[in-house]
**Q** 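The following block contains the structure, expressed as structure tokens.
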Amino acid sequence: MKPPESRTSERRLVASLSGGFLLLFVALALFDLQQMTHWINLSFAWVVDLFGPLWQVWMLANLVIALVLGFTRYGDIRLGGNVRPDSSTFRWLAVIMCTLLAGGGVFWSAAEPMYHYVTTPPIFADSESGVSAVSAALAQSFMHWGFLAWAALGTLSAVVVVYAHYHKGLAMRPRTLLYPLMGERIETHWLGTLADVVSIIAVAAGTIGPIGFLATQLGFSFEALLGWENNYTLQLAILGGLVAIYTLSASTGIEKGIQWLSSANVVLAVILLAVILLAGPGNFVVDAFLNGMGVYLQDFMPMALNRQDDAWLGWWTVFFWGWFIGYGPMMALFIARISRGRTLRELVMAVAIMAPLVTNFWFASIGGAGIFYEQALSGVVSGPLQDGGLPAALLAVTQQLPLAALMVPAFLVLTVIFVATTGDSMAYSIAMAISGDHTPRTRDRIFWALTMGVVAAVLLRMGEGGINALQSFIVITAAPVSLLLLPVLWTGPKMAHAMAYEQGIVTHQLRSEELTKPASSYQTD
């Protein structure tokens with residue numbers, strides 16, 4: 001165990017390196033955004049070409065292994081030991097649903113299906129495929145936001161973190177993912193510091209993007225609805241309100257603000273979906289969802305491993321895989337933190353099956369409604385999307401819905417809460433990663449919540465170029481993170497076996513004594 005002064009020094013080093021890198025990014029953008037964008041684009045293309053195939057294989061293997069563990073005897077493992085869960089099942093599921101893909105999915109649910117409807121994805125472009133444009137559009141969206149995406153954010157990686165933290169007493173940090181390979185040496189090794197820093201940078205970049213996009217989306221909506229000029233002043237005011245919400249939520253902790261905000265988000269989302277289904281194009285949405293899911297499941301493997309158009313993959317599938325992989329280590333910490341006392345089967349069911357199905361239905365409802373109105377009047381959704389990008393898509397769809405005067409502001413509120421639930425949980429996770437504590441200090445959570453808001457404010461000042469540069473940068477940061485996550489394909493099952501042996505689920509040990517000896521005590525912090 002490291003002495004307290006050593007841990008304090010390590011925390012400061014990780015905070016300084018990760019925070020300093022974000023400041024350097026902002027400084028370079030302010031100095032010469034065009035040149036920095038050029039460098040990022042070159043790096044983006046290199047990373048996509050080199051890591052794209054690896055990411056596609058890793059995403060598929062991660063899902064398959066997680067499902068095997070979850071639905072065999074290993075699914076009976078009680079994560080973190082025989083303790084009671086910290087929250088009710090509903091609140092646990094609500095936090096999962098609103099934390100992982102919420103920040104991005106809320107923006108892409110209206111836009112991506114429409115993009116794929118207007119321009120058919122390459123795998124379905126063959127006129128002999130027999131797949132309708134609607135089903136192709138939704139199936140491709142399901143691929144990007146469904147089973148593979150969710151499983152990458154908290155299944156095998158969370159198992160490794162649970163074992164290292166709760167069973168072996170290591171600090172709650174991304175470096176714990178390397179514990180099966182290096183043992184307790186990872187606590188003081190420079191590779192541990194590097195793992196923490198790249199994970200924090202990746203998740204900060206992935207969270208700042210949606211925060212900035214929300215300011216541009218609401219600014220666009222206020223200009224279209226109320227005539228307010230969509231300038232930096234308006235966007236900064238929106239950003240300030242959002243930062244205040246998720247900072248307050250993060251400061252009160254998981255058991256209070258984060259759970260309350262997530263629960264409210266789920267209730268509002270269900271109400272809005274009910275209105276769409278009952279008063280809007282409900283039959284079309286249900287049919288589109290079922291047909292899209294049929295195509296998605298039938299062509300799952302070809303879509304998952306498709307390599308026929310490198311340029312298209314770089315801007316769609318590989319981009320998303322890089323984004324989600326970048327979130328992976330920090331999400332593993334967060335899922336491990338909130339899932340203590342749950343079984344591994346519950347975790348796999350919630351993260352790799354239930355959440356993807358709900359997400360797919362959300363995309364079918366919002367994106368499917370957009371396609372329905374687009375078929376009725378060509379250009380009603382695709383036109384604004386082409387002219388205004390992501391911020392225009394959701395507004396264009398909600399304006400066509402019944403009770404639009406109520407639905408438009410309700411969806412804007414929902415969007416704010418969705419992004420806030422991502423901001424608060426990521427501020428909490430970053431504070432955990434730096435401190436290594438199960439419950440990090442309130443001031444650390446507030447600091448990182450405010451830091452992400454400040455960086456978003458600076459990038460907004462530079463216009464769309466700053467946020468777009470950050471979006472591409474997310475994929476670059478995923479390159480080192482993917483190397484950190486690669487070993488969980490075999491260390492995850494090893495840790496599951498070690499926990500199963502400790503809990504009497506299996507009777508034979510692994511060869512490595514360090515990983516199989518019963519823990520003397522469980523972490524209770």
Side-chain angles (χ1 to χ4, degrees), residues 1-15 17-18 77-81 83 86 154-200 203 328-342 344 347 428-441 444 481 483-488 490-503 510 512-525:
M1 184 67 68
K2 293 193 293 184
E5 60 273 14
S6 177
R7 288 193 64 188
T8 301
S9 176
E10 183 73 17
R11 292 174 182 176
R12 291 174 178 171
L13 178 61
V14 171
L17 290 176
S18 53
I77 294 168
R78 187 70 59 175
L79 300 173
V83 296
D86 294 331
T155 50
L156 297 182
S157 54
V159 169
V160 176
V161 172
V162 164
Y163 186 79
H165 178 66
Y166 291 113
H167 295 243
K168 293 301 177 183
L170 271 68
M172 183 77 86
R173 292 175 167 183
R175 69 180 65 195
T176 57
L177 292 170
L178 296 176
Y179 169 73
L181 303 179
M182 300 182 64
E184 293 185 0
R185 287 184 303 144
I186 196 60
E187 284 273 78
T188 56
H189 202 279
W190 65 268
L191 274 176
T193 301
L194 181 62
D196 291 349
V197 170
V198 297
S199 298
I200 291 170
V203 81
M330 302 300 289
M331 284 291 91
L333 299 187
F334 192 77
I335 291 297
R337 168 64 177 81
I338 67 174
S339 300
R340 189 182 184 196
R342 304 284 174 183
L344 179 57
L347 176 64
Y428 195 100
S429 296
I430 293 174
M432 273 199 305
I434 291 177
S435 68
D437 296 331
H438 188 265
T439 304
R441 295 178 300 183
D444 292 338
V481 173
L483 299 179
L484 174 63
L485 287 175
L486 181 61
V488 305
W490 58 90
T491 60
K494 283 185 177 181
M495 300 303 96
H497 188 97
M499 286 188 283
Y501 176 75
E502 291 178 5
Q503 297 176 22
L510 293 175
S512 172
E513 294 181 0
E514 181 184 6
L515 299 182
T516 56
K517 63 183 180 182
S520 58
S521 63
Y522 289 96
Q523 290 286 310
T524 57
D525 50 356

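Note that the structure is a prediction, hence the values are computed from the model and not measured.
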**Q** Would you compute the distance between atom CZ of Arg173 and atom OG of Ser199 and round it to the nearest 0.5 angstrom?
**A** 12.0 Å
**Q** Got a second to check how far Leu79's CG is from His167's NE2, nearest 0.5 Å?
**A** 7.5 Å
**Q** Quick one: closest heavy-atom pair of Ala433 and Asp196, and the distance?
**A** O-OD2, 4.3 Å
**Q** Taking the side chain as every heavy atom from C-beta outward, state whether Leu344 and Met499 have any atom pair closer than 4.5 Å.
**A** no
**Q** Checking Leu13 against Leu17 for the side chain to side chain contact (heavy atoms under 4.5 Å, CB included) test, could you report, in this order, the C-alpha distance in whole Å, the side-chain angles of both residues, the deciding distance, and whether it holds?
**A** CA-CA 6 Å; Leu13 178 61; Leu17 290 176; 3.9 Å; yes
**Q** Of all heavy-atom pairs between Ala336 and Val162, which one has the smallest distance, and what is that distance?
**A** CB-CG2, 3.7 Å
**Q** Within this structure, what is the OG1-CD distance for the pair Thr176 and Glu184, rounded to the nearest 0.5 Å?
**A** 12.5 Å
**Q** Among residues at least two apart in sequence or on other chains, which ones pass side-chain hydrogen bond (donor to acceptor under 3.5 Å, both in side chains) with Ser339?
**A** Trp92
**Q** What closest approach, in Å, do Ser157 and Ala332 show between heavy atoms, and which atom pair accounts for it?
**A** OG-CB, 3.4 Å
**Q** Flag the pair Arg11 / Asp437 as yes when at least one side-chain heavy-atom distance between them is below 4.5 Å, and no otherwise.
**A** yes
**Q** Applying salt bridge (Lys or Arg N to Asp or Glu O under 4.0 Å), name anything that partners Arg185, two or more places apart in sequence or on another chain.
**A** none
**Q** Test side chain to side chain contact (heavy atoms under 4.5 Å, CB included) on Arg337 and Asp86; report intermediate values, then the result.
**A** CA-CA 9 Å; Arg337 168 64 177 81; Asp86 294 331; 3.5 Å; yes
**Q** Using 0.5 Å steps for rounding, measure from the CZ atom of Arg175 to the OG1 atom of Thr193.
**A** 4.5 Å
**Q** Atom CZ of Arg12 and atom CD1 of Ile434: how far apart are they, to the nearest 0.5 Å?
**A** 13.0 Å
**Q** Apply side chain to side chain contact (heavy atoms under 4.5 Å, CB included) to the pair Met330 and Tyr428, showing each step before the final yes or no.
**A** CA-CA 10 Å; Met330 302 300 289; Tyr428 195 100; over 6 Å; no
**Q** Is any side-chain heavy atom of Val160 closer than 4.5 Å to one of Pro180?
**A** yes
**Q** Any heavy-atom pair between the side chains of Leu177 and Pro487 that's under 4.5 Å?
**A** no
**Q** In Å and rounded to the nearest 0.5 Å, what is the CD to CG distance from Glu187 to Leu178?
**A** 11.5 Å
**Q** Classify the ring geometry between Tyr179 and Tyr163 as parallel (under 30°), tilted (30 to 60°) or perpendicular (over 60°).
**A** tilted
**Q** Phe334 versus Val161: any side-chain heavy-atom pair under 4.5 Å?
**A** no
**Q** Identify the two heavy atoms, one from Leu333 and one from Ser429, that lie closest to each other, and give their separation to 0.1 Å.
**A** CD1-O, 4.3 Å
**Q** Tell me the closest heavy-atom pair linking Ile335 and Gly154, and the distance in Å.
**A** CG2-O, 3.7 Å
**Q** For Leu347 and Thr155, which heavy atoms make the closest approach, and how far apart are they?
**A** CD2-O, 4.4 Å
**Q** Would you sort out whether Leu156 and Trp490 count as a side chain to side chain contact (heavy atoms under 4.5 Å, CB included), showing the intermediate values?
**A** CA-CA 9 Å; Leu156 297 182; Trp490 58 90; over 6 Å; no
